[in-house]
Every structure is written in C-alpha cells, then in structure tokens.
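Read the structure below first, then the notes.
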Amino acid sequence: MNKHKTILSLFDHSGAWSKPYKDAGYNVIRADIQDGIDVFEVMEDVIYQVVEGNEEGIKVTVYGILAAPPCTDFAGSGAWKWKDKETQPANYDGSKTIEFENTVEHSIGMVLATLEIVAQLKPEGFYVIENPVGRLNKLVPEVGDPWYFQPSDFGDPYTKKTGLYGKFNKPMKTPVLPLFGSEITNRLSSKQKNARSKTPEGFAQAFFKANQ
Ligand SMILES: C[S@@+](CC[C@H](N)C(=O)[O-])C[C@H]1O[C@@H](n2cnc3c(N)ncnc32)[C@H](O)[C@@H]1O
C-alpha cells in the first residue's frame with residue numbers, strides 16, 4: 001500500500017529512524033558515507049534527475065526526507081573544542097569537486113546539501129533535520145528554529161537533548177523517567193560513535209506515527 005511512497009533517509013547508517021517506514025512497506029532509500037553513499041553525490045544526482053525529469057515531463061517525487069547530519073562541529077557538548085575546529089582541515093576526500101576550508105565548513109556543507117536536496121525534491125509529506133542542542137541554527141540559519149525532545153520523551157530512559165528542524169508533524173511525547181541519565185556523560189563512551197549517534201527507537205516510532 002505504501003510502496004509508492006519514497007522516504008529518503010540521509011546520514012542513516014543504522015537504519016533506525018527509517019525502520020518504521022520500511023516495516024510499513026515504504027520505498028526507503030538510505031544514504032550514509034559508511035555504506036558508500038556520499039550526500040554530495042546524492043545532491044548532484046538529485047539535481048540531475050530533477051532537471052532531466054523536467055525536460056521529459058516526468059516528476060521525481062518523494063514523500064519524506066529524514067536527515068541526521070554529523071553533529072561533531074555543532075553539538076553543545078563539544079563546545080570546548082569549537083575554537084580549534086576553525087583551523088582543523090576538512091578530511092573530506094569525496095568527489096574532489098567540492099573543497100572545504102576546515103571541518104566546520106565541511107559540516108555546514110552537509111547541512112546545505114541536505115537543504116538543496118529538499119528544495120529540489122519538494123517532498124509531499126515532510127522533511128526533517130535532526131541535531132543535538134548546539135549551534136547548528138546559528139551557523140546555518142536557513143534551517144529555522146528547532147523543536148526539542150529528549151529520548152526519554154518517547155520511552156528510551158536516557159537524555160540527549162536534540163532539536164528537529166524542518167516541516168513535519170510533531171510526534172506526541174509519552175515521557176518515561178530517564179533512569180540511565182545522560183547518554184553523553186554516563187551511557188556510552190566517546191569511542192562508541194555509531195551507538196551514540198543511533199536514532200532512539202521510541203522516537204523513531206513516534207515520529208513515524210505522526211508523519212506517515
Ligand atoms: C550523527 S550520525 C547519524 C547516525 C544516524 N542517526 C543512525 O542512526 O545511523 C551522522 C552520520 O553521517 C554519516 N556521514 C558523514 N559524512 C557523510 C557524507 N559526506 N555523506 C553521507 N553520510 C555521511 C556518518 O557516517 C554518520 O553515520
């Protein structure tokens with residue numbers, strides 16, 4: 001029933017955020033550099049497909065866009081490193097058609113690429129960009145204002161204050177006690193990068209219910 005509805009899930013290595021859509025039969029396309037798909041290449045492909053589609057009278061449609069871009073240069077929890085970041089060279093070695101002055105510019109570039117993909121595809125249902133509380137909307141004001149939640153608002157008993165930007169229906173909060181405390185300080189070590197950035201399951205389900 002949902003197979004004609006496409007969800008583009010950017011920066012989604014675990015598949016956790018897009019899983020409820022996949023389970024419900026949506027056509028889910030995931031893109032993450034760890035799986036060999038670079039957001040800048042996705043952007044180039046999307047622009048190409050939309051332009052070509054326009055010429056041939058074919059409309060490229062997507063229902064929703066989920067995006068969880070890297071937060072290392074934005075998250076408040078890393079604020080003590082912000083000063084040094086401006087001089088850290090970007091380690092982006094993708095298509096070589098795009099160059100960045102430093103790691104912050106690279107991170108900003110990934111959010112701008114996301115916004116360009118949204119602008120090109122004009123999703124019918126929603127688009128949403130997720131990032132922990134920090135300076136994302138100061139450095140990229142185009143994203144607009146955040147709506148905040150904690151994983152514990154949706155049944156996962158820990159905290160990691162996170163903002164959602166975009167156009168979407170707000171999921172309904174059903175809070176539980178955050179008995180495991182803060183994810184950043186207590187739960188997982190900084191070496192467990194993928195586990196730390198995995199989208200919480202309760203939130204993913206609640207977001208899906210509000211945006212199907
Ligand atoms: C904050 S994590 C989000 C993880 C996600 N919530 C999950 O459950 O897998 C950011 C993700 O962006 C990916 N990433 C970094 N640079 C990228 C790029 N140029 N193109 C696509 N994905 C990229 C990383 O591999 C990482 O999985």
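Indexing begins at 1, ligand by ligand and atom by atom, following the structure's order. Residues: numbered from 1 along the sequence shown. Bear in mind the structure is a predicted one, so any value in this text is a computation, not a measurement.
- Considering backbone and side-chain N/O atoms, Asn194 never comes within less than 3.5 Å of an N/O atom of ligand 1.
- Both cation-pi conditions hold for Lys5 and Tyr63: the charged atom is under 6.0 angstrom from the six-membered ring centre and inside a 45 degree cone around its axis.
- Grouping the Ile, Leu, Val, Met, Phe, Trp and Tyr side chains by contacts below 4.5 angstrom, directly or via other members, places Ile129 with Leu139.
- When hydrophobic clusters are built by joining Ile, Leu, Val, Met, Phe, Trp and Tyr residues whose side-chain heavy atoms come closer than 4.5 Å, directly or via intermediates, Ile37 is grouped together with Met43.
- Heavy-atom contacts of Thr199 reach the following atoms of ligand 1: 6 (N), 8 (O) (cutoff under 4.0 Å).
- Residue Val39 has at least one N or O atom closer than 3.5 Å to an N or O atom of ligand 1.
- Outside the 6.0 Å centre-distance limit, the rings of Tyr127 and Phe168 are not counted as a close aromatic pair.
- At a 4.0 Å cut-off, not a single heavy atom of Leu10 sits close enough to ligand 1 to count as contact.
- Within ligand 1, counting atoms from 1 as listed, the ones closer than 4.0 Å to a heavy atom of Ile37 are 20 (N), 21 (C).
- Close approach to Ser14 involves these atoms of ligand 1, each under 4.0 Å from a residue heavy atom: 7 (C), 8 (O), 9 (O).
- If you look at Tyr158 and Phe180, their ring centroids are not closer than 6.0 Å.
- Figure legend: cation-pi geometry between Lys173 and Trp147, with NZ or CZ positioned under 6.0 Å from the six-membered ring centre and within 45° of its axis.
- Counting atoms of ligand 1 from 1 in the listed order, those under 4.0 Å from a heavy atom of Met110 are 16 (N), 17 (C), 18 (C), 19 (N).
- Residue-to-ligand polar distances keep Pro70 apart from ligand 1: every N/O pair is separated by 3.5 Å or more.
- Heavy-atom contacts of Ala68 reach the following atoms of ligand 1: 1 (C), 2 (S), 3 (C), 6 (N), 10 (C) (cutoff under 4.0 Å).
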Criterion side chain to side chain donor-acceptor pair (under 3.5 Å) on Tyr48 and Glu44, from CA distance to verdict = CA-CA 6 Å; Tyr48 177 79; Glu44 283 171 15; over 6 Å; no

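- Between His13 and ligand 1, at least one N/O pair is under 3.5 Å apart.
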List, one per line, each side-chain donor-acceptor pair under 3.5 Å for residues 204-212, sequence neighbours excluded.
from   : atom 1 : to     : atom 2 : distance (Å)
Asn211 : OD1    : Asn169 : N      : 2.7
Asn211 : ND2    : Asn169 : O      : 2.9
Asn211 : ND2    : Phe207 : O      : 3.0
Gln212 : NE2    : Lys209 : O      : 3.4

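- Contacts between Glu130 and ligand 1 below 4.0 angstrom, taking non-hydrogen atoms only, are absent altogether.
- Of all the atoms in ligand 1, the ones that sit under 4.0 Å from a non-hydrogen atom of Asp38 are 18 (C), 19 (N), 20 (N).
- Closest to atom 26 (C) of ligand 1 by heavy atom, among Thr72, Asp12, Asp32, is Asp32.
- No side-chain heavy atom of Ile7 sits less than 4.5 Å from a side-chain heavy atom of Asn27.
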